[in-house]
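Input: a single structure, listed below in structure tokens.
So that the names make sense, note that chain A is the first sequence line, chain B the second, and so on, each numbered from 1. Reckoned from all heavy atoms, side chains included, excluding hydrogens, waters and symmetry mates.
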Amino acid sequence: MAKIFKSLNKVLLEKQISKLTYQIELLEVDTDLLKDKLDKRFEKAVKAEIESYRPTLLEKEIKQLSNEDFVIYHTESKLEKLEKSYDLKKRALTTSKIRKLEKTESAEEKQTIEKDSKTKLDMLNEELKAKKAELLKPYEARNLKADELKQNHKAFKEAEKAALESLEAFKKDLSEKHEELINQKQAQVNQKIEAKKAKLATKKALLKPIIDRLNDQTASSIESFDDAILQVEHLTMNFGGLKAVDDLSFDVKKGEIFGLIGPNGAGKTTVFNCITQFYKPTSGKMIFKNNNHDIISLTDYKVHDVIKQGIVRTFQNVELIWELSILDNMLVGAHSLYRSNFFDHSFQTFGFKREEKILKMRAEKILTDLDLYAYKDFYPLGLPYGILKRIELARTLMTHPSLIILDEPAAGLNDSETEDLAHTIKKIQKEYDTTIFLVEHDMGLVMSICDTICAISFGKKLAIGTPLEIQNHPQVKEAYLGGE
Amino acid sequence: MKLTYDKKQEKHIWLTKLTQFSKHPYFPILLLGFVLILLQVIGSTGVIKPSVLNFLSPVLTRYIVALGFLMLLGYAGLASLGTAGFMGLGAYLVGYLFETAGVSAEMAFIIGLILSLVLGTIVGFISLRIEGMYLAIVTLGLSEILKNFFQNSPLTGGAMGMNLEAGIKFLGTFSSNTLTYNPVYYIIVIFMIVLMIWTINIIKSPTGRAFLSIKNSTSAAQAMGISLLKYRLSAFLLATLFAVTGGMLTMIRSLTAYPATWGIDLSLNVLAAVVIGGTKSIWGVLIGTFIIFGMKDLILVKIPFFQTYKNAHLMFSGALIILVVMFYPGGVIKLFTDLKALVIKGYNKLITVWKEYRYGKDI
């Protein structure tokens, strides 16, 4: 009874802890959102202030115009329109004249056509003149002298200067308030974060003894888990009579790039599928240090729960959602982060909208980091293969995983794209502070980026070590190039 | 900073606000509802014939059913052939609970929804654990079982059908066959609008994205933390909910239910409406529903060939499905966008030709 209660308590605590960590994550983004909002409000206020000076200044500006400029100011666009329409009319006249001339052959008729068109052209010109005069009529009445104009000009300049000065003062005053407000909000958010963190620490302290007691078995079997993040022990996977993976063990250290190589059909992808629980292994242990630094056995989890522990994978053939845009694909990658439920989605509640906004911001940031922002609104169908591979890589970053598993990232890419990819993988490992575990056929890529390499053949481990060691290992050479 | 002035000032702020609102996805839905309600308000004064107006209600109830099917087929990628069975279940449940059990119509509506959701959960749980076409097979079987039950059970009135002659009072309206213009039509329109908005909300949310991920790639969906069973089941339950609602509204509107109505042909017709209209667009499905269900009552009835062979309209919809799948996999809605593009292109070309003729080549 006590055991059941304890395990129940553990589950509840774990849920609370994950909720708290998520809330802290959201709050950390919140300051950016708030700043954005306040900046927009500031700009709006400044714009409104400018708007308030506008009518009086505009009046003064018009007053200081010279007679000619005054007329132009009022009639410029209208005159343009008028001239353009008459221009078109004239062109129509000439084209119709040309057409008529082509049809007839007698000289007399040609002469009459020329005459006709000329009279019509004259008429059009006169019409235009009359219309222009009519347009200008109401404004030509104004007649200011040079002194008056000068005075008006001076008045305008003064008014403008005063307006600018007061605007500066207004901006200065407002920006002080603005910064104060931002600081205040930030302090509030920080306070909230600290409170949440304190709560989290107490919850974790509560959880620790329970986990220690419950996981006695797994904990005792691990001897050196200090720097390892994933430990595979005696992994065996049978498909009927075929042994795809046979008693394989290795450690993946935290923060490194780990490569798994082997000839075709060596069982590399099977290892991946076992780790991500797509296959349940026949026997063997897989121990993983998850996002909360707890040590767990991966076989206890379902396929769709593995991502919540901090393992994300890509696929050999690009597995993007073809009917969704790239940004939506990124949001699918963040699916396990959504705390809003079906009810929230149905009624588009405030919390859900905020969550969506924050995750969209994160997606856009990752896309800009990997130089993919331009493809944000595209659909995957029709994009180059190299881009798709990088988008799949970007999708894995949405959940801030501690271990990224890449299944043949360079398959189907050309040399320059592979180079690009190697650069991206290095960048991800550094900037996002993750461990990368990859299977690859392209030896150039593996040797250049991996810290540790494990070579397998027919499901069995051949060798494990640094790239140089692997290159000179006799058994590896035999597996790749064949024995005697 | 320099203060600059534009010559033009902004006029008609309300107009810009209206154009902004017209781009909101709810706007066309609300507009449609307004037009449909106005149609009966004006029509019931005698302007429009009752036969024309009365054909709308069954089509709109079928549209509600098709909306659920759109989420199931177009988004979650599952096919169910038990739609008609669930519709019939809804119709009989509301009839039985109202007439025999003596509950109020609103209460009967809610109880019916809950009961059919329980049945849907059981069926979905059994059939959705296995991949492939098993859902279609299981639901087909269920539909036939339900149809036989309707035919032979004393609860449903057997082959004679169920008849609520006294009329039914539902949400403040009174439905009766003696009325020429049935006010339940308004309720149906309101239900349709609410469900359309709900559908739009769901398909644009993470739930809708999860449905699409499952349809496109199950392994990617699982790797991203999407539980297949959970989302398949919720899509199936949504489709069930919509189908039952449609069946209940049909019953309240027409007040009669015969077992023969809820056969496989109705399920296939709903499928046809969704496929022909466009499996991912609620407007496409609206067009598809009008083609499949509206055409039969409005146009095909007047053609002598369809009068002599009563079931020939099935042939018509079958041929349409073949045509659409072969030449327009996106559905009729795509035909509209294509036509629009074509018209705009032709118009622009015509204008340039006319300009070249009138003003010379180098315009």
ask   = Quick one: are the ring centres of Trp198(B) and Phe242(B) less than 6.0 Å apart?
value = yes
remark   = Honestly, the part of Val306(A) sitting under 4.5 Å from a heavy atom of chain B is neither
key: Structural part of Ile214(B) lying under 4.5 Å from a heavy atom of chain A   = neither
ask   = For Asp328(A), is it the side chain, the backbone, both, or neither that has a heavy atom closer than 4.5 Å to a heavy atom of chain B?
value = both
key: Region of Lys204(B) in contact with chain A, defined by heavy-atom distances below 4.5 Å   = backbone
query = So, Tyr231(B) versus His304(A), ring centres under 6.0 angstrom or not?
reply = no
Leading residue by heavy atom contact count with chain B [cutoff under 4.5 Å; candidates Lys302(A), Arg99(A), Lys308(A), Glu392(A)] = Arg99(A)
ask   = Does the ring centre of Phe272(A) sit less than 6.0 Å away from the ring centre of Phe315(A)?
value = no
ask   = Any ion pair linking Glu355(A) and Arg339(A) (charged N to carboxylate O, less than 4.0 Å)?
value = no
request  = Answer with side chain, backbone, both or neither: which region of Ser346(A) has an atom nearer than 4.5 Å to a non-hydrogen atom of chain B?
outcome  = both
ask   = So what's closer than 4.5 Å to chain A heavy atoms on Asn216(B): side chain, backbone, both or neither?
value = side chain
remark   = Applying a strict 4.5 Å limit to non-hydrogen atoms, the region of Ser219(B) in contact with chain A is both
query = Tell me, side chain or backbone of Gln277(A) under 4.5 Å from chain B's heavy atoms, or both, or neither?
reply = neither
ask   = Which of parallel (below 30°), tilted (30 to 60°) and perpendicular (above 60°) describes Phe343(A) and Phe347(A)?
value = tilted
Gap between atom CG of Leu167(A) and atom OH of Tyr53(A) - 0.5 Å precision = 5.5 Å
key: Option in Pro206(B), Ser205(B), Ala223(B) with maximal non-hydrogen atom pairs under 4.5 Å from chain A   = Pro206(B)
remark   = d(Thr207(B) OG1, Ile226(B) CD1) to nearest 0.5 Å is 10.0 Å
ask   = In terms of heavy-atom pairs under 4.5 Å, which option from Glu319(A), Lys90(A), Lys89(A), Glu323(A) contacts chain B the most?
value = Glu323(A)
request  = Verify whether one side chain among Asp338(B) and Tyr328(B) offers a donor that lies under 3.5 Å from an acceptor in the other.
outcome  = yes
